[in-house]
Number of protein chains: 2
Amino acid sequence: MRQQGVGGLTVSEIARRMGIRGPSLYKYFPSLHAVYDALFARGVRGNAEAVREALEPMPPGLDRIRAGVHATVRWCLGNQALAQLLYWRPVPAFEPSPESFAASAEEMGAARAELADAVRRGELQESADSDDALRLLTILMSGLISQQMANEPDAGYPAGLFARLTDDALDMFLAHYEPTRRS
Amino acid sequence: MRQQGVGGLTVSEIARRMGIRGPSLYKYFPSLHAVYDALFARGVRGNAEAVREALEPMPPGLDRIRAGVHATVRWCLGNQALAQLLYWRPVPAFEPSPESFAASAEEMGAARAELADAVRRGELQESADSDDALRLLTILMSGLISQQMANEPDAGYPAGLFARLTDDALDMFLAHYEPTRRS
DNA sequence: GTCTATAGGATGATAGAC
DNA sequence: GTCTATCATCCTATAGAC
């Protein structure tokens, strides 16, 4: 996928690189879409792991949210093929299975909990504990990642012209939900 | 492209729907990539036209920026296949030609000019007249569009869970560059 | 400008031997 | 679990008649 694009993944090519024949792959995956689904799940897990590692040493506070977003942007730019599978719809007719989608939703829940904690600690105003606030945050992440991948895919993190605006984007977001300002 | 995904476009299918044979298409386009390039250019033009129409009746002021962003989001969600070609990289090995890319850069210049005008009028602080500020704005647009298309492609504008956050995103952006606040 | 014919592949998937 | 053989279909692109 990294070399041919996400849509360029084929049963034959996977088998070729594994040193087996195409039909043998069907002992492990019932279809190419099942392979995509496994990759989607791997992407969710990989991203989640990267975020968890980044948050592990962080004390409570807004910096946890910053660290989580940075970790996601970094992971996505280091795993662009998987990131495309998670953030875009590059494969016609492929949708993640309910199981894979549920794993993705679980990660969203974790992010939502961080927002709720920040509100509880008085670091963000009430309205930050909402689906819309979480959506705004994902919009920022998706925009950072999409623009960097589409316009300057080789620059990576944190050098890229777009990726290095991650903190500016976070400044915008956190200021928007500052307790003293109104939403 | 709308039906099969951007990557699902084929010479044969185009010809089929035109009621001609595949080879006849090569009298008009030297390759499938050339078709993609023409579609890319059509996308740039279409988006630009939508923005221009939206800005035409608008007096000077920050509402011009808001109107431009809204017009882009609306156009993209009404032309999702072309939008994918503009904002993502859905076709392996396809890159827009220098000419098409230049047209795209021209539109960026127009957006940059709107930011500069707002600074001149004192509605945004100096730092808003910069490539980084423009990039932040494109990050917001790309994020709004990407999230809406990937998660809820049929909802469209302005009903979509993400698309309807366009004004919130703009509030964040414009507040970030408010003259009285520091960058 | 359209066509037929064709080159020269690729693909996802299955049947059935071993 | 791997293989060969194969199905049925698709693809981009070219040659050359009309």
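Numbered from 1 within each chain, the chains take letters A, B, ... in sequence-line order.
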Give the rounded distance in Å between these two atoms: [atom1] of [X] and [atom2] of [N].
| X | N | atom1 | atom2 | result |
| --- | --- | --- | --- | --- |
| B:Glu13 | D:dC11 | CD | P | 7 Å |
| B:Phe29 | D:dT12 | CZ | C1' | 16 Å |
| A:Leu25 | D:dG1 | CG | P | 13 Å |
| B:Leu32 | D:dT12 | CG | P | 5 Å |
| B:Ile14 | D:dC10 | CD1 | C1' | 15 Å |
| B:Gln4 | C:dT11 | CD | P | 19 Å |
| A:Tyr28 | C:dA13 | OH | P | 17 Å |

[N] phosphate, OP1 or OP2, under 4.0 Å from [X] side-chain N/O:
| X | N | value |
| --- | --- | --- |
| A:Arg21 | C:dA13 | no |
| B:Ser12 | D:dT12 | yes |
| A:Arg16 | C:dT11 | yes |

Problem set entry | Flag if over 12 foreign heavy atoms under 6.0 Å of CZ, A:Phe94 |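 Above 12, so yes.
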Exercise. Would one find more than 12 heavy atoms of other residues, nucleotides or ligands at under 6.0 Å from atom CE of B:Met18?
Worked result: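 Counting neighbours around CE of B:Met18, 12 or fewer heavy atoms of other residues, nucleotides or ligands fall under 6.0 Å, so no.
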Would [X] and [Y] pass as an ion pair if we require N to O under 4.0 Å?
| X | Y | value |
| --- | --- | --- |
| B:Arg120 | B:Asp129 | no |
| B:Glu13 | B:Arg16 | yes |
| B:Arg66 | B:Asp171 | yes |

Using nucleotides 14-18 of chain D, report all nitrogen or oxygen pairs with the protein that are shorter than 3.5 Å.
none

Exercise. Going by the angle between their ring planes, with limits at 30° and 60°, are A:Tyr157 and A:His70 parallel, tilted or perpendicular?
Worked result: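 A:Tyr157 and A:His70: perpendicular rings.
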Contacts table for residues 37-45 of chain A: side-chain donor-acceptor under 3.5 angstrom, sequence neighbours left out:
residue: A:Asp37; atom: OD1; partner: A:Ser97; partner atom: N; Å: 2.8
residue: A:Asp37; atom: OD1; partner: A:Ser97; partner atom: OG; Å: 3.3
residue: A:Asp37; atom: OD1; partner: A:Ser100; partner atom: OG; Å: 3.2
residue: A:Asp37; atom: OD2; partner: A:Ser97; partner atom: OG; Å: 2.7
residue: A:Asp37; atom: OD2; partner: A:Ser100; partner atom: OG; Å: 3.0

Exercise. Within the structure shown, what part of the strands sits under 4.0 Å from B:Ser24 by heavy-atom distance: base, sugar-phosphate, or nothing?
Worked result: base
Exercise. If each of A:Thr10 and B:Gly19 is mapped to the nucleotide of DNA chain C with the nearest heavy atom, which maps nearer the 5' terminus, i.e. the 5' end?
Worked result: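 Here B:Gly19 is the residue nearer the 5' end.
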